[in-house]
Amino acid sequence: MIEGLSIDPFDSNHWLYGTGLTLMGGHDLLNWDTMHNVTLSVLATGIEETSVQGLIAPPVGGPLLSVVGDDGGFLHSSLDNAPATAFKTPSYGTTTYVESSWNISLHSDLLNIYV
């Protein structure tokens, strides 16, 4: 399945297509005119296609919890650095929703579940 196909307007040899899983493409598109063959490679090094489904933070002194497509979600203890790992327990592929009814005594127990 192709979600999008793009040709670089400044370099006709450079092309990309997205699959929903990754970005594929190459740097030899003009070969198609003569050899009917192009090189296909993953060109998404360092890119993760996902979508943020929800964000929530406790009202006092807490970190941010994010839930995202494909990776479950993350506990952000700092907004300056990316989390090292996704949620471990429970583990979900895609988490679609997050809500709360904060009770400060439960706050630390909740955070221990997700790290």
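Note that the structure is a prediction, hence the values are computed from the model and not measured.
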Checklist entry - Under the side-chain hydrogen bond (donor to acceptor under 3.5 Å, both in side chains) test, which residues partner His14, sequence neighbours left out? => result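 Asp8.
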
Next on the checklist: If the condition is side-chain hydrogen bond (donor to acceptor under 3.5 Å, both in side chains), which residues does Ser78 pass it with, not counting sequence neighbours?
Outcome noted: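 For Ser78, no residue satisfies side-chain hydrogen bond (donor to acceptor under 3.5 Å, both in side chains) once neighbours in sequence are set aside.
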
So which atom in [X] and which in [Y] form the shortest heavy-atom distance, rounded to 0.1 Å?
X	Y	answer
Ser77	Pro63	CA-CB, 3.9 Å
Ser12	Ile7	O-CG2, 4.1 Å
Leu55	Ser66	CD2-CB, 3.4 Å

Checklist entry - Measuring from Thr22:OG1 to Tyr17:OH, what's the distance to the nearest 0.5 Å? => result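 The OG1 atom of Thr22 sits 9.5 Å away from the OH atom of Tyr17.
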
Establish whether [X] and [Y] are linked, either directly or via other cluster members, by ILVMFWY side-chain heavy-atom contacts under 4.5 Å.
X	Y	result
Leu40	Met35	no
Leu43	Trp32	no
Val38	Met24	yes
Phe74	Leu64	yes

Checklist entry - Would you say the side chain of Gln53 lies within less than 4.5 Å of the side chain of Val68, judging by non-hydrogen atoms? => result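 No; the side chains remain at least 4.5 Å from each other.
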
Item to check | Qualifying side chain to side chain donor-acceptor pair (under 3.5 Å) pairs, either residue in residues 35-44, two or more places apart | outcome: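 As it turns out, the side chain to side chain donor-acceptor pair (under 3.5 Å) pairs with a partner in residues 35-44, which skip direct neighbours, are Asp28-Thr39.
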
Item to check | For Thr85, all residues meeting side chain to side chain contact (heavy atoms under 4.5 Å, CB included), sequence neighbours excluded | outcome: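 Expected list: Lys88.
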
Item to check | ILVMFWY clustering at 4.5 Å (side-chain atoms), partners of Leu30 | outcome: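 Once heavy-atom contacts under 4.5 Å are chained together, Leu30 still belongs with nothing else.
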
